Amino acid sequence: MVMVTHQCCFCGNNIEETHKLDPCGIIIYTNLDKDEDEQLEQMFFCHYECFRNVMDSGVRVHLNL
């Protein structure tokens, strides 16, 4: 079996699955106001807690994970 490690895009550390929701993936979509063939997407990995901690507290309360 091959072990895959993911690096958190916020803290830079490896994600060791210390939280039941780790690893997380954040997908960024660009050019949303353009035609679909001009839109791009990319996924970044992160710790759940790192993602949660960078969110505004008013938005954070809406995380229903």
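Worth saying up front: this structure is predicted, and the values here are computed from it rather than measured.
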>> Just so I know, are the side chains of Ile15 and Phe45 near enough to count as touching, which here means a heavy-atom distance under 4.5 Å?
In response: yes
> How far does NE2 of His62 sit from CE of Met55, to the nearest 0.5 angstrom?
Replying inline: 9.0 Å
> How long is the gap from NE2 on His47 to SG on Cys24, to the nearest 0.5 Å?
Replying inline: 9.5 Å
>> Please find the pair of heavy atoms, one from Asp22 and one from Tyr48, that lie closest to each other, and give the distance.
In response: OD1-N, 2.7 Å
>> For the NE2 atom of His6 and the CG atom of Asn13, what is their distance to the nearest 0.5 Å?
In response: 15.0 Å
> Taking side chain as C-beta onward, heavy atoms only, is Ile26 less than 4.5 Å from Phe10?
Replying inline: yes
> Looking at SG of Cys8 and CD of Glu16, how far apart are the two atoms once the value is rounded to the nearest 0.5 Å?
Replying inline: 12.0 Å
> Looking at Arg52 and Arg60, what are the two nearest heavy atoms and their distance?
Replying inline: O-NE, 2.9 Å
> Between Val59 and Leu21, is there a shared hydrophobic cluster once you connect ILVMFWY residues whose side-chain heavy atoms come closer than 4.5 Å?
Replying inline: yes
> Of the non-hydrogen atoms in Asn31 and Glu38, which two are nearest, and what is the gap between them?
Replying inline: ND2-O, 2.9 Å
>> Can you tell me how far apart SG (Cys46) and CD (Gln7) are? Round to the nearest 0.5 Å.
In response: 12.0 Å
> How far does CD1 of Ile28 sit from CD of Glu41, to the nearest 0.5 angstrom?
Replying inline: 11.0 Å
> Does any N or O in the side chain of Gln42 come within less than 3.5 Å of the main-chain N or O of Tyr29, such that one atom is a donor and the other an acceptor?
Replying inline: no
